[in-house]
Amino acid sequence: MRLTRYIFPLVSAFLLLITSACHSYKPQTLLSTIPQDVDYLAYLHLEKLSKLVSDEALGYHIEPEDKECLEKLGKYVAWKEILAYGAGDDLYITLHVKNADALLTNLRDYADSISSENGLNYAYLNGWNVAFSEKQIWISQQGFFTSLFERSQDLVAGKGASAAEIVGIKDLLQQDFGLYLNLFHTQEQIESVSWLAALAPDLQEKVRNTHLIVNGSFKEKELKLDYKLVNNEGDIINDEYNISQKVDKEILNYLADDCDLVVLQGLEGKGLVQLFSKIDNKANTKEWETILGALDGTVAFSASFAPNGAYNTENWSLVAQVKKGEETSSMVALLEVLGVDPKQCKRLGDDYIVTNNRYGEFYVGARKRIIFAASRPVNKFTPSFESRPITRAIQSGVGNVLLDIPSDGYLSQSIAERHNYRFEGYVALRAESLGAGKLVLHNDGEKEGNILNGILKALRPIPVDEAKILVQEEALKHE
């Protein structure tokens, strides 16, 4: 599904808030009209978000005629807080109606078509489909001849299971916006993803019953997200195999300071072996059992970005802390997994040089409580990645993803050239446990008042004249 397809109707709602007075209509009551098996459910507190966004930024994402039509709805609809939900390609925005009779009268004057059936009024105006009752309205660009909308109407009539019955779903409504995802609630959806289909039946069942709930807020230079994975009972998913350990920052000394991306995950080998025994894949081999069983501490991946936007094969590393005394056996097992005979492999001191069609030459070796595969031999670097300011984002937790974006780096320059957006900061994800964590996007280069306003301005569609010029320039490059 394309993100831009859904940005338009949601961003349009900001404009309606300007013409709508504040009322005490609560979104919690709308949850009972949303089917429980939706793929996703989004919440927006438009009153808070509209204070962060300029008319100029919003104006890029909506045509004047659409704005005029939606403002007509805004006088009779409560836009302070809204819910949007969908399944597959069907998306509906729903919110409270303030005055259904006045709305119906007004729509008769300018709607392209209008009709009434089974207690609902339907209108079509300038590409928008609208359905409303005395208390509630639905807005869609797909129309209302869908099973998703039919199930919503069944819930209005008191039939079926609604999203309000999902334990913990009201946590969605805590901050500026929220998102609920339930992407693998059918066996067909699991089978469409290769690694999920490889899970044992009991693990597949747990995946089917796992939901993602995200809450987010915008500050001046930051977007902050709190996420949690919960089961049907609303409990945060725990680590029943005891796989996760706290991240050991000592491993940062084995990562060079010229990296852009660093991923850290605390792992315990015994639990991994138990988990992989339930997965039908290539990891169920003696060599992999040796490698996984030896893990004890933190696994780290690092890479820098090349000018073509891909990982720079001249600067990457995969480093893992292992149990004392098992460095050599796990390193040999890693060579065997790579299809390399240690006896015939080229050497550089104690390290092995491996040739690969995709990654070229790289090194495999062992140090005290460390094994690695990397584009260059791994030792303790001076300076190391630990000297980078971004590492302050690492706090207590079992996992971290750090993406550093300095002003003079390739990523910052690429974002500026491709999206006309200045980003100078970092992206940091911290997993506090298997089922909960935080994500922060921090941009010191934000000049539009706040990061939301800056992103919306950067996402503005390219004007038609500019688009034609870009197409012509691209054509000239290939002549």
Side-chain angles (χ1 to χ4, degrees), residues 168 171-172 174-181 210-231 234-257 259-268 271-272 275 295-305 316-321 384-406 409 411-412 423-446 451-452 455:
D171 292 344
L172 194 73
Q174 299 302 312
Q175 298 186 41
D176 296 352
F177 65 93
L179 179 65
Y180 164 85
L181 294 178
T210 298
H211 318 296
L212 173 66
I213 296 177
V214 179
N215 293 115
S217 61
F218 292 98
K219 305 300 180 185
E220 289 186 2
K221 296 180 181 296
E222 287 189 344
L223 164 61
K224 293 185 177 181
L225 301 175
D226 295 314
Y227 74 86
K228 57 184 178 180
L229 295 164
V230 300
N231 57 24
D235 299 323
I236 293 177
I237 300 301
N238 58 24
D239 184 0
E240 62 182 282
Y241 293 95
N242 295 318
I243 295 171
S244 302
Q245 292 191 25
K246 297 295 184 181
V247 165
D248 181 4
K249 292 180 65 175
E250 171 65 22
I251 203 168
L252 294 175
N253 291 317
Y254 292 90
L255 306 180
D257 71 330
C259 300
D260 299 310
L261 172 68
V262 169
V263 181
L264 306 175
Q265 178 63 51
L267 293 173
E268 196 280 324
L272 269 177
L275 175 62
L295 295 177
D296 183 24
T298 301
V299 175
F301 172 78
S302 68
S304 61
F305 289 93
W316 64 271
S317 63
L318 180 63
V319 185
Q321 292 177 329
S384 70
F385 191 80
E386 190 173 21
S387 65
R388 298 285 286 273
I390 190 176
T391 58
R392 292 196 296 266
I394 301 176
Q395 299 178 25
S396 60
V398 301
N400 285 269
V401 177
L402 307 174
L403 181 59
D404 206 0
I405 311 177
L411 284 178
S412 179
F423 198 110
E424 301 171 8
Y426 63 85
V427 179
L429 182 148
R430 182 174 75 252
E432 298 170 343
S433 67
L434 181 64
K438 299 179 181 294
L439 174 68
V440 175
L441 278 76
H442 180 86
N443 182 15
D444 286 320
E446 183 56 68
I451 194 170
L452 175 59
I455 290 173

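Computed from a predicted structure; not experimentally measured.
- Side-chain contact between L452 and L223 is absent, with no heavy-atom pair separated by less than 4.5 Å.
- When every heavy atom of I243 is checked against every heavy atom of D239, the shortest pair comes out as N-OD2, 2.7 Å.
- Side-chain rings of F177 and F218 approach one another, their centers coming within less than 6.0 Å.
- Listed by first and then second residue, the salt bridge (charged side-chain N to carboxylate O under 4.0 Å, His left out) pairs that reach into residues 214-224 are E222-K224, sequence neighbours excluded.
- Relative ring orientation between Y180 and H211 is described as tilted, the plane-to-plane angle lying within the 30° to 60° band.
- Side-chain atoms of S387 come within 3.5 Å of backbone N or O of S384 as a donor-acceptor pair.
- Between the side chain of Q321 and the backbone N or O of T298 there is at least one donor-acceptor pair closer than 3.5 Å.
- For the pair S317 (side chain) and V319 (backbone), a donor-acceptor distance under 3.5 Å is absent.
- Put simply, the side chain of Q265 gets close to the backbone of V398: a donor and an acceptor are under 3.5 Å apart.
- The salt bridge (charged side-chain N to carboxylate O under 4.0 Å, His left out) pairs that include a residue from residues 429-444 are D226-K438, R430-E432, where partners are two or more places apart or lie in different chains.
- Side-chain N or O atoms of N242 include none that pairs as donor or acceptor with a backbone N or O of E268 at under 3.5 Å.
- The side-chain contact (heavy atoms from CB on, under 4.5 Å) test with L402 is passed by exactly one of D260, L252, L261, I390: I390.
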